[in-house]
Asker: 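A single structure is presented below for examination.
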Amino acid sequence: MTGKAFASSADLGEKTQTLEVLGDGVYALTAEGDPNVGAIEGDDFVVAFEALATPVAATDWLTKLREYTDKPVKYLVLSHYHAVRVLGASAFDAEVIIAHDNTRKLITERGKQDWESEYGRMPRLFKEPESIPGLTWPDVTFSDSLTIPLGEDRGDLVLQYCGRGHTAGDVAAWIPKQKILFAGDLVEAQAALYTGDAFHSDWSTGTLDRVKAFGAEQLVGGRGGVARGREAVDAAVEQTRGFLTVMLTEVGAVHRRGGTLAEAFEATHTALAPQFGHWPIFEHCLPFDVQRVWDEFDGIDWPRIWTPERDREVWDQLQQV
Ligand SMILES: [Zn+2]
């Protein structure tokens, strides 16, 4: 059988990481389509946003950040439960790890399987995987929003749940005073979407509406470059919505006429490839994305758990043709 290499398993080229200063005490590390991370300074502490895949990978990020601030990381915010976003947590030595209620639930339910699945799909991101001490557990969780005062002149950092989206428990981090938004994987700028654990209808409607309503002037998505300026921010949100809407349309049409999952994959691939096909992880994500949209049309509300075995099964069915 000739087929594409599984997921991102053949993607072994190092990406260049760039630390960008977005405002007063606000930093983002972008990496040419690899997962982004951020940091926000308070008067005498730092809030870290996302933790990368391993403590060794996170330490590289902290080393770069330390050229700008030596304040201790008091809070580590997990935007959602995915392994490549959380398993580096121990490197931050944070006093408090914060996440959404549903993120704790998902880590309990499927954290171990997700770790194995993501390691198989994207081995390059797991720099020295043996440095991971175990699953990452939040100390504090919330259901709607949580505000961290950064200090008198800095204003607040608002952690906001915007509805079901990329997962059941995504958190965005909003700095009203500087109009900067860290959107996690709810928005991707010039990178393909991973939606294997998503709620496509909610995400493409109310959830993205709430993200857009922040009125951010700079937006850091889960992958891809920083969107600078309202126009670019809105474009990133709408590009994300467009990807979701095309999937819903294409998969929905095949599902309604009693077609097969493979036909739904072909139709979606054909529709998305011209605009998104050259973007990072497009081929990697699409089989898992289409399977999840299909499940939603089958009435499966709560996403099925991905395991290395199920990953291969779906991949072999859709990409090895
Ligand atoms: Zn994710």
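Note that the coordinates shown come from a computational prediction; the quantities given were computed from them, not determined experimentally. Both ligands and their constituent atoms are indexed starting at 1 by order of listing. Counting from 1, the numbers follow the sequence of the chain as shown. Heavy atoms only: backbone and side chains are in, while hydrogens, waters and symmetry mates are out.
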Asker: Would a hydrophobic clustering, with Ile, Leu, Val, Met, Phe, Trp and Tyr connected at side-chain separations under 4.5 Å, put I98 with L76?
Answerer: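 I98 does not cluster with L76.
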
Asker: Near the Zn ion (ligand 1), which protein N/O/S atoms fall under 2.8 Å?
Answerer: H80 NE2, H82 ND1, H166 NE2, D185 OD2

Asker: For R257, what residues pass the salt bridge (charged side-chain N to carboxylate O under 4.0 Å, His left out) criterion, not counting sequence neighbours?
Answerer: E263

Asker: Could you tell me if H284 and S8 have a donor-acceptor pair between their side chains, going purely by distance under 3.5 Å?
Answerer: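 Yes, H284 and S8 have a side-chain donor paired with an acceptor closer than 3.5 Å.
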
Asker: Find the distance between CG (D295) and CD (Q291) and round it off to the nearest 0.5 Å.
Answerer: 4.5 Å

Asker: Run the salt-bridge test on E20 and R228 with the 4.0 Å N-O cut-off and return the result as yes or no.
Answerer: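 R228 and E20: salt-bridged.
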
Asker: Within the 3.5 Å criterion, strictly below it, is a donor on H255 or D298 matched to an acceptor on the partner's side chain?
Answerer: yes

